[in-house]
Every structure is written in C-alpha cells, then in structure tokens.
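A short write-up of the structure that comes next.
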Amino acid sequence: MQVFETEALGLADQLFRVAFRLLRDRARAEDLVQETYLQAWRSFHRFELGTNLRAWLYKILFNVYYSGQRKERLQLVPAEETLAETIAYDPPTPQRVTDEEVLAALERLPRDFQIPLLLADVEELSYREIADVLEIPLGTVMSRLHRGRKLLRTELAGYARNAGYRDLK
C-alpha cells in the first residue's frame with residue numbers, strides 16, 4: 001500500500017487532466033478520478049510491481065468512464081473516421097498559434113481522435129500504452145493519431161487564414 005500511496009496518488013493531476021478532457025465538467029472529472037482511485041485501490045493487489053503504473057491507472061480511468069457512458073446512453077459507431085478520410089488538402093500548421101487556439105481546435109475534434117492525441121502528445125504515452133488503455137489495436141491508434149493530427153492542422157490552418165496569415169505552401 002506504500003507504493004500505492006506514494007506513486008499512484010502522485011499521478012492524480014495527470015488523471016484529472018484526461019478526465020476533464022473526457023467530461024468537460026470539473027465536478028464529474030473529479031468524481032471520475034475518485035472512482036478510478038477507488039477501483040485501483042481495490043485491485044492494487046493485482047498490479048504487477050515494476051510495470052507501468054500510469055498506464056494501468058489510465059486503463060482503469062477509461063474503463064470507469066466507458067462503463068458510465070454505457071449506462072447513460074447507447075453507443076453508436078462513430079462516422080468521424082470516414083469524414084477524416086475525405087479531407088483532400090493537408091494544410092501546413094501556422095507557426096504563431098497560441099495554446100488557447102490549439103486547445104480550442106482540439107476541442108472541436110471528434111472524440112475518437114481527440115483522446116489518442118491527448119494521451120500521445122500531452123500525456124506522452126507510447127502508442128502501445130494508448131492501445132492498451134483504450135483497448136484498441138495498435139494500428140487503430142496510429143491511424144487515429146495520423147487523422148487527428150491532420151484534422152488539427154486543418155483546424156489551425158483555418159484559424160491562421162482568418163487571422164490574416166498567408167498560406168504557407
């Protein structure tokens with residue numbers, strides 16, 4: 001339990017950031033993190049010391065999140081991936097974009113692309129860790145990251161044009 005208290009509880013801020021992105025509501029994100037820690041504490045005896053504790057906690061967080069989602073509503077198969085495949089132009093990313101614009105553009109991405117981007121580029125999880133956490137194949141992680149980054153570049157290029165930047169070709 002000493003390991004749980006020192007190492008697992010030290011990851012609360014990282015878990016909260018992801019929970020807040022998932023739920024977009026501070027109170028619900030706090031509840032999700034609390035439920036994640038409760039589940040982790042209950043099953044900590046199954047955790048293998050020396051393995052990736054952060055990825056294990058993320059996996060629990062997503063399991064708790066998706067379990068709650070199933071209870072709330074029927075999940076439909078997302079069509080956003082088809083939309084991403086139809087984008088023909090891949091504009092360059094503007095050089096002078098603020099964090100606020102990046103976060104706003106990230107918020108506009110479909111969830112199937114937003115979450116892998118958040119885990120890879122913000123939380124710095126490996127592709128394998130993301131695949132394990134989200135319980136999707138490694139190829140799907142790579143595909144969603146590629147398409148998500150492409151959509152994000154498109155969002156930011158549109159912002160740059162509206163702000164008066166010239167197209168960088």
Side-chain angles (χ1 to χ4, degrees), residues 11-26 28-33 35-36 39-40 51-95 97-162 167-169:
L11 299 169
D13 289 342
Q14 293 176 30
L15 291 172
F16 177 77
R17 276 196 308 265
V18 172
F20 187 75
R21 281 272 168 226
L22 285 169
L23 297 167
R24 297 182 179 117
D25 178 270
R26 184 173 187 77
R28 290 181 64 209
E30 289 170 350
D31 289 345
L32 177 58
V33 171
E35 182 64 28
T36 298
Q39 295 293 328
T51 61
N52 191 334
L53 178 62
R54 186 173 68 146
W56 185 73
L57 288 170
Y58 278 127
K59 185 170 185 89
I60 293 171
L61 182 132
F62 278 96
N63 285 340
V64 170
Y65 170 74
Y66 288 127
S67 176
Q69 290 294 308
R70 279 190 294 275
K71 291 176 186 174
E72 288 180 19
R73 70 185 190 309
L74 175 66
Q75 289 185 342
L76 301 176
V77 176
E80 290 89 1
E81 288 187 42
T82 308
L83 174 67
E85 291 174 339
T86 63
I87 296 175
Y89 176 64
D90 186 9
T93 303
Q95 298 300 312
V97 178
T98 65
D99 289 343
E100 291 80 26
E101 287 110 21
V102 173
L103 291 174
L106 184 63
E107 286 294 324
R108 290 189 295 270
L109 293 181
R111 301 292 274 186
D112 284 346
F113 302 118
Q114 186 184 111
I115 299 305
L117 276 174
L118 177 69
L119 293 175
D121 297 339
V122 176
E123 299 301 328
E124 298 179 343
L125 266 67
S126 71
Y127 289 6
R128 171 57 45 210
E129 290 170 331
I130 296 168
D132 291 344
V133 165
L134 297 179
E135 296 180 343
I136 57 177
L138 183 62
T140 303
V141 169
M142 294 173 8
S143 173
R144 288 183 182 176
L145 284 171
H146 173 74
R147 293 173 184 159
R149 289 174 178 146
K150 192 173 189 178
L151 285 170
L152 188 59
R153 279 193 302 274
T154 300
E155 288 283 337
L156 294 174
Y159 164 79
R161 277 192 298 280
N162 292 338
D167 282 342
L168 305 170
K169 293 186 178 178

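This one's a predicted model, so the numbers in the text were calculated from it and none came from an experiment. Every heavy atom of this structure was used, including side-chain atoms; hydrogens, water molecules and symmetry mates were not.
- Taking all atoms of both residues into account, the shortest heavy-atom contact from A131 to P137 is CB-C, 4.2 Å.
- Rounded to the nearest 0.5 Å, atoms CZ (R54) and CG (L15) are 9.5 Å apart.
- Within the 4.5 Å cutoff, the side chain of R144 has heavy atoms near those of the I136 side chain.
- In this structure, I115 CD1 and L145 CG are separated by 11.5 Å, a value rounded to the nearest 0.5 Å.
- The closest side-chain heavy-atom distance from L22 to R111 is below 4.5 Å.
- Using a 4.5 Å heavy-atom threshold, the side chains of M142 and H146 count as separate.
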(request) Determine, step by step, whether L119 and E129 satisfy the side-chain contact (heavy atoms from CB on, under 4.5 Å) criterion, reporting the C-alpha distance in whole Å, the side-chain angles of both residues, the deciding distance to 0.1 Å, and the verdict. (result) CA-CA 9 Å; L119 293 175; E129 290 170 331; over 6 Å; no
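- For E123, the side-chain hydrogen bond (donor to acceptor under 3.5 Å, both in side chains) test picks out R17, Y58, with sequence neighbours left out.
- Interatomic distance, OG of S143 versus CG of D112, reported as 10.5 Å (0.5 Å rounding).
- Taking both residues in full, the closest heavy atoms of E35 and V64 are given as CG-CG1, 3.5 Å, listed atom of the first, atom of the second, then distance.
- Here D31 contributes atom CG and R28 contributes atom CZ; the two are 9.0 Å apart, rounded to the nearest 0.5 Å.
- Listed here is the closest heavy atom pair of L134 and P116: CD1-CG, 4.0 Å.
- Atoms CG and CG, from L106 and L152 in turn, are 6.5 Å apart once rounded to the nearest 0.5 Å.
- In terms of heavy-atom proximity, R149 sits nearest to D121 at NH2-OD1, 2.6 Å.
- In terms of heavy-atom proximity, L32 sits nearest to L61 at CD1-O, 3.8 Å.
- To the nearest 0.5 Å, atoms OG1 (T140) and CD1 (I130) are separated by 12.5 Å.
- Considering all non-hydrogen atoms of both residues, F16 and R26 come closest at CZ-NH1, 3.4 Å.
- Take E124 and apply the salt bridge (Lys or Arg N to Asp or Glu O under 4.0 Å) test, not counting sequence neighbours, and it matches no residue.
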